[in-house]
Amino acid sequence: MALDELLAWLPPGSPEEALARQVNFEQLPAHIAIIMDGNGRWASRRHLPRVEGHRAGINAVRDVVETSARLGVEVLTLFAFSTENWKRPEAEVSMLMALLKRYLRIELGTLLQNNIRFRVIGRVQDLAPDIQQELADAEARTAANTGLLFNIALNYSGRTEITDAVRRMIESGVSPREVTEQRVSDFLYTAGQPDPDLLIRTSGEMRVSNFLLWQIAYAEIWVTDTFWPDFRARHLLDGILEFQKRDRRYGGLKPSRVATLR
Ligand code: FPP
């Protein structure tokens with residue numbers, strides 16, 4: 001069913017179609033997390049201001065969100081703005097916030113049409129009131145959707161998330177005896193969601209950059225040299241196909257290896 005939905009949308013005879021036909025829909029990553037990187041370098045290669053890279057990055061966001069929804073992925077999390085990104089020039093920060101606002105206004109219809117639920121993760125309370133309002137509206141209007149859960153990480157870092165979780169656990173009166181891994185997960189911004197199976201990073205950098213630190217414990221990592229503004233459905237499909245070739249052991253041994261040890 002997911003293949004049909006995807007094929008209806010991909011250009012017939014395209015490389016994307018060929019890739020989509022190779023995907024094993026029984027083994028899709030339930031949660032894909034993406035560190036969108038390389039917007040600035042994409043722009044500077046074209047002698048454009050950095051913000052043009054962010055503007056072009058919106059097209060990649062649109063394509064990846066819709067492709068994930070059609071594939072039948074459960075959760076997609078995009079890292080859009082870290083708690084460290086406030087150190088960037090003020091003009092760049094304001095432009096990123098303006099782009100986010102515009103994205104939500106323009107794309108809300110597409111999110112609704114594609115049954116996508118939108119959620120924000122991060123210290124939203126520190127964002128400007130107009131941005132908070134826009135985000136809350138998009139969350140409320142898509143809350144009843146049952147398809148892809150699209151998390152956007154804004155003013156987010158893994159360490160602040162864990163710090164916030166510990167604080168809330170203490171405030172909620174959780175006793176030391178009750179502290180388990182599951183209980184910690186229940187206090188994270190992603191409570192109730194599956195952990196990422198696949199972490200994608202664009203632009204060739206080999207770092208996790210304080211992203212979903214707790215949740216990526218067993219994620220497969222796939223790094224592509226493609227800059228984020230050039231990232232499209234075919235790159236996402238490449239990443240998924242690579243994921244499906246990996247041998248996930250979660251710290252154990254392959255069943256075939258266990259058999260030889262008996
Ligand atoms: C990293 O590239 C990218 C970001 C810090 C922002 C990502 C934001 C967008 C794609 C646009 C807004 C998002 C949404 C969801 C509407 P970089 O600037 O660090 O690139 P560089 O490493 O080449 O300098």
Side-chain angles (χ1 to χ4, degrees), residues 32-69 73 75-111 114 116-124 127-128 130-139 141-142 148-158 160 189 199-212 223-233 235-236:
I32 301 177
I34 307 185
I35 302 174
M36 307 183 284
D37 196 12
N39 294 355
R41 277 163 287 165
W42 182 93
S44 68
R45 296 241 170 129
R46 288 161 179 76
H47 309 286
L48 294 169
R50 290 178 55 78
V51 290
E52 291 308 318
H54 299 316
R55 200 194 303 277
I58 298 283
N59 299 326
V61 170
R62 191 178 295 123
D63 206 51
V64 166
V65 169
E66 200 161 342
T67 306
S68 302
V73 169
V75 186
L76 172 73
T77 303
L78 300 184
F79 201 0
F81 193 87
S82 76
T83 50
E84 289 85 22
N85 286 155
W86 296 107
K87 294 180 208 146
R88 294 188 177 208
E90 208 183 310
E92 185 176 340
V93 172
S94 332
M95 177 66 178
L96 276 167
M97 294 298 160
L99 279 175
L100 173 73
K101 210 163 152 178
R102 230 183 70 198
Y103 168 84
L104 288 175
R105 295 226 167 133
I106 296 174
E107 291 301 310
L108 192 60
T110 315
L111 299 182
N114 287 286
I116 297 169
R117 185 153 55 105
F118 175 79
R119 281 272 323 270
V120 193
I121 60 169
R123 286 190 174 162
V124 186
L127 299 172
D130 62 319
I131 302 285
Q132 289 190 44
Q133 187 58 55
E134 206 78 34
L135 294 165
D137 281 354
E139 283 188 334
R141 292 192 53 194
T142 61
L148 174 75
L149 170 57
F150 167 29
N151 291 316
I152 186 156
L154 271 180
N155 195 24
Y156 174 90
S157 94
T160 54
Y189 305 140
L199 172 68
I200 296 177
R201 181 165 191 145
T202 59
S203 91
E205 305 287 349
M206 300 286 180
R207 289 189 290 275
V208 294
S209 295
N210 213 347
F211 188 40
L212 300 173
V223 176
T224 169
D225 287 337
T226 304
F227 292 142
W228 178 251
D230 291 328
F231 195 93
R232 290 291 182 277
H235 302 102
L236 183 70

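Atoms within each ligand, like the ligands themselves, are counted from 1 in listed order. Heads up: numbering here begins at 1 and tracks the sequence.
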Nearest-contact summary for [atom] - protein heavy atom, Å:
atom	value
atom 16 (C) of ligand 1	I58 CD1, 3.4 Å
atom 15 (C) of ligand 1	I152 CD1, 3.1 Å
atom 1 (C) of ligand 1	M36 O, 3.2 Å

L99, I35, I106, N39: member with heavy atom nearest to atom 2 (O) of ligand 1:
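Checking each option, the heavy atom nearest atom 2 (O) of ligand 1 is found in N39.
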Relative to atom 11 (C) of ligand 1, which among H54, R62, R45 owns the nearest non-hydrogen atom?
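Result: the heavy atom closest to atom 11 (C) of ligand 1 is in H54.
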Modelled atom types, side-chain donor and acceptor of R41 and S203, under 3.5 Å
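The criterion, which ignores hydrogens and geometry beyond distance, is satisfied for S203 and R41.
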Whether R45 engages the ring of W42 as a cation-pi pair (distance to the six-membered ring centre under 6.0 angstrom, angle to the ring normal within 45°) should be assessed.
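No, cation not above the ring by the 6.0 Å, 45° rule.
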Is G40 in polar range of ligand 1, meaning some N or O pair under 3.5 Å apart?
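Between G40 and ligand 1, an N or O pair is found under 3.5 Å apart.
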Examine D37 against ligand 1 and note whether any of their N/O atoms are separated by less than 3.5 Å.
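There is such a contact, yes.
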CZ/R46 to CD/E52 distance, rounded to the nearest 0.5 angstrom?
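The CD atom of E52 is 11.5 Å from CZ of R46, to the nearest 0.5 Å.
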Which distance, rounded to the nearest 0.5 Å, do you find between the CG of L111 and the CD1 of I106?
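Output value for this atom pair is 12.0 Å.
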So, 4.0 Å and heavy atoms of [X]: is ligand 1 close enough to count as a contact?
X	answer
A80	yes
E205	no
R88	yes
L96	yes

Okay, side chain of S209, backbone of F211: is any donor-acceptor separation there less than 3.5 Å?
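Pair absent, no side-chain N/O of S209 close to backbone of F211.
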I need the atoms of ligand 1 closer than 4.0 Å to a non-hydrogen atom of [X], numbered in the order shown.
X	value
R41	21 (P), 22 (O), 23 (O)
W228	10 (C)
R50	17 (P), 18 (O), 24 (O)

Which atom of [X] lies closest to which atom of [Y], heavy atoms considered:
X	Y	value
Y156	N210	CE2-O, 3.7 Å
L104	L135	CD1-CD2, 3.6 Å
P49	A43	O-CB, 3.3 Å

What do the steps show when you test D37 against F79 for side chain to side chain contact (heavy atoms under 4.5 Å, CB included), and what is the final call?
CA-CA 9 Å; D37 196 12; F79 201 0; over 6 Å; no
